[in-house]
Amino acid sequence: MTSIQAELGIIERDFTEQVSAASSSEELQQVKVAFLGKKGAVTLILKKLGSLPPETRPAAGQAVNSLRDRIEAVIEDKRARLDEIESEAAERSSMVDVTLPHRGRSGGGVHPVAQLTHDVIEILAGLGFSVALGPEIEEDFYNFEALNIPQSHPARDMQDTFYFPDGSLLRTHTSPVQVRSMLRHGAPIRIVCPGRVYRRDSDPTHSPMFNQLEGLLVDRDISVADMKGCLETLMAAIFSRPLKARYRASYFPFTEPSIELDIECVECSGKNPACRICKGTGWLEVAGMGMVHPNVIRYGGIDPSIYNGFAWGIGLDRIAMLKYGLTDLRILFEGNVPYLLSGRSL
Ligand code: DAH
């Protein structure tokens, strides 16, 4: 045996040992480099061939080539097996086990005021009302003037208004939508207008932004009885039972006569002198209303000698507090998700 063949024998043994120890394609690649790379054992021996005597060169060359072929074949075979094992492992690690329990998720909920708004619109749709909306940045004309509140009227002091430098303002109530809707649609008309309103007011029972819901019905021969029927139906539907109503004379520039509606206390029905909701009075103020002032109808482009009607305004946040038993108004504005998702009955 020539020394070359002896060397090849050693190389092959080393290779067999190392290739069977390689447990990843990366390790296999290192083995390949160690034997077939530029400075690999087989390559180095090929370089040595030139220095052999010519008569032994062909046999030695053949022996080296056939070792190289065997090494290549073994490496390819092993690579195929490792690839298979590795891709199976990768697949297994990225597999989703659909039988695992979920990690929990944060859900959404309908805000109490949004839910109430939706319910009220639904109830009034049954009485023929449709939704009308108006801008929150309002003109003095619609917020005051057209509602029979002229420049010098003391009622302007009743409402602490946010003004913009150009004289426009954040609407202080949803009543401006009355005139806007009459001008747009004429008579007869039945609209309900929910929306945000703004006043310079902030304490435990007042928020600078709150939600009102305006109603307006204008038609021929409308009476106070129609108004009472409408509002009592609305209250009974909101609180899911008939409630006693009490009407008190009041004053609003845009209605004549003006009335305030109280309903029996939804908590104690007047039976608990220490009731925290009605403070023992047995009554809750829920709406301002009245027969629409002829001046307002006229500002709405409608002839008050032919048409008349009624209007009301209710505070949605207050109604939501009563309906859902809240004691602090602010919880409605704080985005307290645990509360909003808690088991309040909707
Ligand atoms: N706009 C009144 C307010 O914000 C509420 C109101 C009272 C609206 C009587 C009406 C109404 O439509 O007729 O206090």
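Both ligands and their constituent atoms are indexed starting at 1 by order of listing.
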Only heavy atoms of Q212, strictly under 4.0 Å: list the atoms of ligand 1 that pass.
3 (C), 4 (O)
Enumerate the atoms of ligand 1 whose separation from the nearest heavy atom of G313 is less than 4.0 angstrom.
6 (C), 8 (C), 10 (C), 12 (O)
Any salt bridge linking R81 with D77? Criterion: basic side-chain nitrogen under 4.0 Å from a carboxylate oxygen.
yes
If the threshold is 4.0 Å, N to carboxylate O, is there a salt bridge linking R79 and E84?
no
Thinking salt bridges, do D262 and R246 make one under a 4.0 Å N-O criterion?
yes
Using a strict 4.0 Å threshold on nitrogen-to-oxygen distance, state whether E12 and R70 make a salt bridge.
yes
Could R180 and Y142 be counted as a cation-pi pair, given that NZ or CZ must be under 6.0 Å from the ring centre and within 45° of the axis?
yes
Would A311 count as a polar contact of ligand 1, with the cut-off being nitrogen or oxygen pairs under 3.5 Å?
yes
Among the heavy atoms of F310, does any lie under 4.0 Å from an atom of ligand 1?
no
Check each heavy atom of H293 against ligand 1 and say whether those closer than 4.0 Å belong to the side chain, the backbone, both or neither.
neither
Output the list of atoms in ligand 1 that are nearer than 4.0 Å to some heavy atom of G290, sorted by atom number.
13 (O)
Quick one: which ligand 1 atoms are inside 4.0 Å of a heavy atom on T255?
13 (O)
Counting from 1, what ligand 1 atoms have a heavy atom of S175 closer than 4.0 Å?
1 (N), 8 (C)
Hey, what's the ring geometry for Y251 with H153, parallel, tilted or perpendicular (30° and 60° as the breaks)?
parallel
Out of E214, M291, R171, whose heavy atom sits nearest atom 10 (C) of ligand 1?
E214
Within less than 4.0 angstrom of ligand 1, does M227 place any heavy atom?
no
Any chance you could lay out the ring-ring contact (aromatic ring centres under 6.0 Å, His included) test for Y247 and W312, step after step, and finish with the verdict?
CA-CA 13 Å; Y247 297 87; W312 76 84; over 10 Å; no
For the rings on Y299 and F141, is their centre-to-centre separation under 6.0 Å?
yes
Mark up the atoms of ligand 1 that fall under 4.0 Å of a heavy atom belonging to F252, in ascending order.
7 (C), 9 (C)
The atoms of ligand 1 lying under 4.0 Å from a heavy atom of Q178, numbered in the order shown, are 12 (O)
